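Labels below follow one simple rule: chain letters A, B, ... track the order of the sequence lines, proteins then strands, and each chain is numbered from 1. Owing to the predicted nature of the structure, the values given are computational and were not obtained by experimental measurement. What's counted below: heavy atoms across the whole structure, side chains too, no hydrogens, waters or symmetry copies.
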Number of protein chains: 2
Amino acid sequence: MSLKHAILVQLETKPGSGYDLLQHFKGGLGYFWNAKHQQIYQQLKKLTEQEFITFSLEQQNGKPDKKVYKITELGIKELKRWLSGSVKPNKINDALLVKLYGGHLIEEDNLVNELKCHQQTHEKIYNNLLEIEQTYLNSSLPSREKYKLPYLTLRRGILGEQAWLSWAKEALQMIKK
Amino acid sequence: MSLKHAILVQLETKPGSGYDLLQHFKGGLGYFWNAKHQQIYQQLKKLTEQEFITFSLEQQNGKPDKKVYKITELGIKELKRWLSGSVKPNKINDALLVKLYGGHLIEEDNLVNELKCHQQTHEKIYNNLLEIEQTYLNSSLPSREKYKLPYLTLRRGILGEQAWLSWAKEALQMIKK
DNA sequence: CCTCCCATGTAAGCCGTTACATGATTGC
DNA sequence: GCAATCATGTAACGGCTTACATGGGAGG
């Protein structure tokens, strides 16, 4: 049930539309949570009903209208309540590993191709994260201080992807042998 | 929708009860998928209806009866079909990172404690995985060859946990500064 | 023309969690 | 006595995915 709180956290730092939130969830700093637009719009609706957020309509020229959401006092209270509680360690449900585990039932080429395909995806994400890190590291000291905690989530992404890529290299070598 | 296939993969290597499967999902080699008993029993029911698995009742002395499931020909066919397809990269939904991201709203001590608490959990998992690795590495060559692919999923776990622990160390240092 | 981007939603259905339920045995 | 382990399930609810739906503007 953290999508709600992931949205609240984002809106607390900066008001935005459902579409804006979606971009964040796709992009780098949204590394920590994934959501599709359908789910985001549904949650925004619920959060509005609960009065944790409000929205104002913004007209744009040449583009559709936007609903710009921002967090309310009540929303900040709820967010603080949630942040003060403890969260459960992340659980891992990785379909690729299920496939590997049962890999003896299929052709080796299939396995190798799948791994290489995933490797490419992870390399892209990794490079993307490194770019964002560079932007952070080149920013001013007060800015770096301000975004210290979000930067830590970025670091989690970077170290996680490094580990994934090391593993993939090792795995490909071992399969080919 | 991979829990079904995670179960099939497990039953393909060795028949077992719902309870046995649960232990696998909790223990080391089940690192790649998580499930609670309620969900496992439900899926076993569905898989039985679809005739991908069958079960036989086994009586035990001093313990409740067991339903020992095993995969059918049809089940193996279905499993091979699924294994031959491609799977999507894993998505990350990490509540701890959401909490960190919004950490400026709560006290630093809260954040540090939460991190340390998760650190302990991950250390336990890590040590557990290393133990299993030792058992694998000390096994006979034909055995090592046989469990080559499951071993790769174990390696994923080990490298993943190493990365997590490195990150946590870094994060704690950075927060305290 | 076709595709991508912007921007928002509804509805159906499966996936997963939480709560509830039972009952014997073993160890502290 | 109390908790843990073995062993299996049902029911309700909320989370998440997939499919369907609309509609204008920009660029190739």
Side-chain angles (χ1 to χ4, degrees), chain A residues 1-8 15-27 30 32-50 52-53 55-69 82 85 87-95 98, chain B residues 1-8 15-27 30 32-50 52-53 55-69 82 85 87-95 98:
Chain A
M1 235 253 281
S2 306
L3 173 56
K4 274 184 183 169
H5 300 101
I7 291 174
L8 287 178
S17 67
Y19 196 83
D20 293 337
L21 287 166
L22 185 66
Q23 301 312 313
H24 278 284
F25 281 123
K26 275 187 193 166
F32 53 79
W33 208 269
N34 279 274
K36 319 223 158 174
H37 79 270
Q38 293 95 326
Q39 211 190 340
I40 290 175
Y41 289 121
Q42 276 173 21
Q43 290 304 319
L44 285 171
K45 203 178 162 186
K46 279 189 189 173
L47 285 167
T48 307
E49 281 166 14
Q50 292 178 290
F52 292 150
I53 56 176
F55 66 89
S56 53
L57 281 169
E58 261 189 32
Q59 283 172 335
Q60 303 180 110
N61 40 0
K63 287 181 190 172
D65 288 1
K66 257 188 174 187
K67 277 186 182 176
V68 178
Y69 290 91
W82 182 82
V87 296
K88 285 177 206 164
N90 221 23
K91 39 162 228 164
I92 292 149
N93 288 31
D94 193 333
V98 176
Chain B
M1 237 254 282
S2 305
L3 173 56
K4 273 185 186 172
H5 300 101
I7 291 174
L8 288 178
S17 67
Y19 196 84
D20 293 337
L21 287 166
L22 185 66
Q23 302 313 312
H24 277 286
F25 282 124
K26 274 186 192 167
F32 52 80
W33 207 269
N34 278 274
K36 319 221 159 178
H37 79 270
Q38 293 95 327
Q39 210 189 341
I40 290 175
Y41 289 121
Q42 276 173 23
Q43 290 304 320
L44 284 172
K45 202 178 162 186
K46 280 190 189 171
L47 284 167
T48 307
E49 280 166 17
Q50 291 178 291
F52 292 150
I53 58 177
F55 66 89
S56 53
L57 282 170
E58 262 189 31
Q59 284 172 334
Q60 304 181 112
N61 39 359
K63 288 181 189 173
D65 288 2
K66 259 188 172 187
K67 278 186 183 176
V68 177
Y69 290 91
W82 182 82
V87 295
K88 285 177 205 162
N90 221 22
K91 44 160 226 170
I92 292 149
N93 288 31
D94 192 334
V98 176

Exercise. Taking N93(A) for the side chain and N34(B) for the main chain, is one N or O donor matched with an acceptor at less than 3.5 Å?
Worked result: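 Answer holds: yes.
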
Give the rounded distance in Å between these two atoms: [atom1] of [X] and [atom2] of [N].
{"X": "K46(B)", "N": "dG13(C)", "atom1": "NZ", "atom2": "C1'", "result": "10 Å"}
{"X": "Y19(A)", "N": "dC5(C)", "atom1": "OH", "atom2": "P", "result": "7 Å"}
{"X": "L22(B)", "N": "dC6(D)", "atom1": "CG", "atom2": "P", "result": "10 Å"}
{"X": "L21(B)", "N": "dA7(D)", "atom1": "CG", "atom2": "C1'", "result": "13 Å"}
{"X": "H37(A)", "N": "dA11(C)", "atom1": "NE2", "atom2": "P", "result": "14 Å"}

Under the side chain to side chain contact (heavy atoms under 4.5 Å, CB included) rule, collect the residues that match up with [X], sequence neighbours excluded.
{"X": "Q50(B)", "answer": "K4(B), L47(B), F52(B)"}
{"X": "D20(A)", "answer": "S17(A), K66(A)"}
{"X": "K88(B)", "answer": "none"}

Polar atom pairs between nucleotides 16-18 of chain C and protein, under 3.5 Å, N or O only, would you list them?
{"unit_1": "dG16(C)", "atom_1": "OP2", "unit_2": "Q39(B)", "atom_2": "NE2", "d": "2.4"}
{"unit_1": "dG16(C)", "atom_1": "O5'", "unit_2": "Q39(B)", "atom_2": "NE2", "d": "3.2"}
{"unit_1": "dT17(C)", "atom_1": "OP1", "unit_2": "K91(A)", "atom_2": "NZ", "d": "3.0"}
{"unit_1": "dT18(C)", "atom_1": "OP1", "unit_2": "K88(A)", "atom_2": "NZ", "d": "2.7"}
{"unit_1": "dT18(C)", "atom_1": "OP2", "unit_2": "K36(B)", "atom_2": "NZ", "d": "3.1"}

Exercise. Phosphate oxygens OP1/OP2 of dT10(C): is one of them under 4.0 Å from a side-chain N or O of K45(A)?
Worked result: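 For dT10(C), OP1 or OP2 has a side-chain N or O of K45(A) closer than 4.0 Å.
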
Problem set entry | K67(A) side chain near dG9(C) phosphate (N/O to OP1/OP2, under 4.0 Å) |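 For dG9(C), OP1/OP2 do have a side-chain N/O of K67(A) under 4.0 Å.
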
Exercise. Y41(B) side chain: which of dT8(C), dT8(D), dG15(D) is closest?
Worked result: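 Side chain of Y41(B) sits closest to dT8(D).
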
For this session: Find which nucleotide of DNA chain D each of K66(B) and K4(A) is nearest to by heavy atoms, and output the residue with the more 5' nucleotide.
Result: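 Mapping each residue to its closest nucleotide by heavy atoms, the 5'-most match is K66(B).
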
Problem set entry | Partner residues of K67(B) under the side-chain hydrogen bond (donor to acceptor under 3.5 Å, both in side chains) criterion, sequence neighbours left out |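 With sequence neighbours excluded, K67(B) shows a side-chain hydrogen bond (donor to acceptor under 3.5 Å, both in side chains) to no residue whatsoever.
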
For this session: Taking ring-ring contact (aromatic ring centres under 6.0 Å, His included) as the test, write out the residues that go with Y69(B), two or more places apart.
Result: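 Per chain and number, Y69(B) pairs via ring-ring contact (aromatic ring centres under 6.0 Å, His included) with F55(B).
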
